[in-house]
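None of these values were measured; they are calculated from a predicted model.
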Amino acid sequence: MSAALAALLGPAAPAFAQGVAPSAAPAEWVRYAETVTGTISGWLSQEEEAATRFRAYLRETAAAADQPPAALEIKLWIAPDGRVEKIGFTPFVDEQANGDLRAAIVGRMLAAPPVGMLQPLRLQVDMKSEAIGEGARAGGD
């Protein structure tokens, strides 16, 4: 899946938890957030049941066939060992889509977050129309 590497939360001024702007955050936090965003995009592109169903939901609910869905704004709580403990997001109307998004992310392993990094980590994952199209393929964990 060719999802754009997204910025941290917000269209103009990305932010970490507790209002720390990336420009004020340690460089290792910003690098970690960029890596995590790419990993999440990869997970959502996999050919596994929850991710496939979630992409189908995004295709079906897109404003127009040639328009990508709105970016996904996701909050992540990550354990010291890198396991995604929980996620937060604006719920979709469809409970199955909510469950599929959680299933595609929660419990999976990332690299351990930098020591002292504030949480939740806030990400914006842009889903391009070709990224949610039929037959999307990408790498995994």
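With rounding to the nearest 0.5 angstrom, the CH2 atom of Trp29 is 15.0 Å from the CD atom of Glu34. Rounding to the nearest 0.5 angstrom, the gap separating the CZ atom in Arg53 from the CG atom in Leu58 is 13.0 Å.
When all heavy atoms of Ala33 and Leu121 are compared, the pair lying nearest together is CB-CD1, 3.9 Å. Contact between Pro80 and Pro113 at its shortest, heavy atoms only, is O-CD, 3.7 Å. The two residues Tyr32 and Pro114 make their nearest non-hydrogen contact at CG-CD, 3.6 Å.
Remark: of the listed residues Asp100, Leu76, Leu110, Leu76 is the sole one forming a side chain to side chain contact (heavy atoms under 4.5 Å, CB included) with Ile105.
Looking at Ile78 and Gln119, their side chains come closer than 4.5 Å, going by heavy atoms from C-beta outward. Annotation: side chain of Trp77 is not in contact with side chain of Val84 (no heavy-atom distance under 4.5 Å). Taking 4.5 Å as the limit, every side-chain heavy atom of Phe89 sits out of range of all side-chain heavy atoms of Leu72. At least one side-chain heavy atom of Ile40 sits under 4.5 Å from a side-chain heavy atom of Trp43. In this structure the side chain of Lys75 never reaches within 4.5 angstrom of the side chain of Ile87, judged on heavy atoms. Inter-residue side-chain proximity for Phe92 and Leu101 is flagged as met; some heavy-atom pair is nearer than 4.5 Å.
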Full working for side chain to side chain contact (heavy atoms under 4.5 Å, CB included) between Glu73 and Arg122: CA-CA 7 Å; Glu73 292 183 359; Arg122 298 171 187 229; over 6 Å; no

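Judged purely by atom type and a 3.5 angstrom limit, Tyr57 has no side-chain atom pairing as donor or acceptor with the backbone of Asn98. The closest donor-acceptor contact from the side chain of Arg83 to the backbone of Gly107 lies under 3.5 Å.
Salt-bridge annotation for Glu60 and Arg55: absent, with no side-chain N of the basic residue lying under 4.0 Å from a carboxylate O of the acidic one. Ion pairing between a basic and an acidic side chain is recognised when a charged N comes within 4.0 Å of a carboxylate O; Arg108 and Glu48 show such pairing.
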